[in-house]
Participant: 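Have a look at the structure that comes next, please.
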Amino acid sequence: MADNDRLRDVAEDRDFEIGAAVAAQPLRTDPAYKKILRNEFNYVTAENALKMGPLRPDPGVYDFNDADAVVDYARAHDQSVRAHTLVWHNQTPEWFQEWDYTPEQLEEFTREHVHTAAGRYRDTVDTWDVVNEAVADDGTMRENLWYETFGEEYLDDAFRWANEVAPDTDLYYNDYGADGVNVKSDAIYDLVERMLDRGVPIDGVGLQMHALHEKPGIDSVAENIRRFKDLGLDVEITEMDVAYLPGDDPGDQEARWEKQAEFYRDITEVCLDEGVDTMIVWGVRDSDSWIPNWFENLTGDPLLFDSGNDPKPAYDAIKDTLANYEA
Ligand code: XIL
């Protein structure tokens with residue numbers, strides 16, 4: 001591996017997709033951001049632009065500006081696209097939260113939303129997170145409005161509607177805190193198995209891998225991936241970032257970044273060992289990360305590039321693993 005090889009080149013040599021979550025704003029205004037994105041990553045997901053809230057400012061209105069900006073940029077730079085997400089309890093429009101719908105209206109609204117969004121990108125998006133975070137941390141079904149109205153078959157409908165308009169797009173269930181084998185991933189395993197039994201067109205399971213308050217054990221992640229693959233499903237690492245609580249933080253930046261790099265290395269090795277060919281990090285530079293805005297007790301530098309646009313040890317660890325690791 002030559003030092004000037006880009007991460008995406010090393011990934012492509014190995015048929016691997018290394019991705020980043022992207023925001024529309026810096027994509028329009030920040031040349032350094034764009035340069036890293038197009039040079040280093042061969043897979044892109046929209047961090048917010050394809051969520052229902054940003055997409056649906058008013059009843060009956062779609063605003064595809066930001067989503068199109070992300071998808072068009074990716075296509076122009078030969079990057080695959082993961083779209084996130086069609087049905088999720090968070091980041092729904094305010095007007096929607098206040099809407100006093102009947103079950104029929106909610107079904108019609110959701111079908112129309114899935115058909116419109118997934119249909120628009122049928123030829124430009126490779127993968128959709130059809131349903132995000134439908135299982136609660138204790139392994140019960142999350143009591144979101146779709147579950148309360150329709151029961152768990154709301155997932156079946158969402159996947160079928162997406163498949164109707166985007167038959168060539170890979171359709172994923174995506175969740176956090178289910179990276180290793182635990183009560184939540186057990187429940188997700190049972191859920192997707194029931195969906196497969198019902199003939200639902202699901203292609204894969206996304207493990208978000210927000211390694212924040214607790215880090216999953218590496219062997220447990222491997223075992224978890226294997227069991228989903230044994231069901232015939234694909235697995236992708238979809239939203240990775242690595243941060244530490246005070247007691248867990250080595251203290252100085254250099255030591256923290258080394259520790260972080262080791263975790264990124266471990267997960268990359270698990271991917272190569274278990275036939276997972278996609279790993280996405282949840283942002284480009286540390287200054288782009290959602291972590292400082294959401295978790296004030298966590299270290300705020302969870303990504304592969306620092307806030308001055310320079311690659312960190314985690315970047316080198318992934319690149320070295322992709323270039324040299326023998327699975
Ligand atoms: C986060 C975004 O990064 C933030 O910008 C936004 O304010 C909230 O959502 N799991 C998911 C992602 O599936 O959509 C979330 O993204 C992070 C957790």
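Along the sequence shown, residues are numbered consecutively beginning with 1. Values in this document were obtained by computation on a predicted structure and should not be read as measured data. In listed order, ligands and their atoms are each counted from 1. Just the heavy atoms: all of them, side chains too, but no hydrogens, waters or symmetry mates, feed the values below.
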Participant: Report yes or no: do Asn48 and Gln91 form a side-chain donor-acceptor pair below 3.5 Å?
Facilitator: yes
Participant: Do Thr278 and Arg82 get their side chains close enough for a donor-acceptor pair, meaning under 3.5 Å?
Facilitator: no
Participant: So which protein residues pack against ligand 1 under 4.0 Å, heavy atoms counted?
Facilitator: Glu47, Asn48, Lys51, His84, Trp88, Gln91, Asn132, Glu133, Gln208, His210, Glu239, Trp282, Trp290, Trp294
Participant: Do you see a donor-acceptor pair shorter than 3.5 Å between the side chains of Asp241 and Trp290?
Facilitator: yes
Participant: Considering only NZ, NE, NH1 and NH2 on the basic side and carboxylate oxygens on the acidic side, decide whether Arg285 and Asp30 come within less than 4.0 Å.
Facilitator: yes
Participant: Under the ring pair (Phe, Tyr, Trp, His ring centres under 6.0 Å) test against Phe109, which residue among Trp161, Tyr101, Trp99, Trp146 passes?
Facilitator: Trp99
Participant: Going by atom types only, do Asn224 and Tyr189 share a side-chain donor-acceptor pair under 3.5 Å?
Facilitator: no
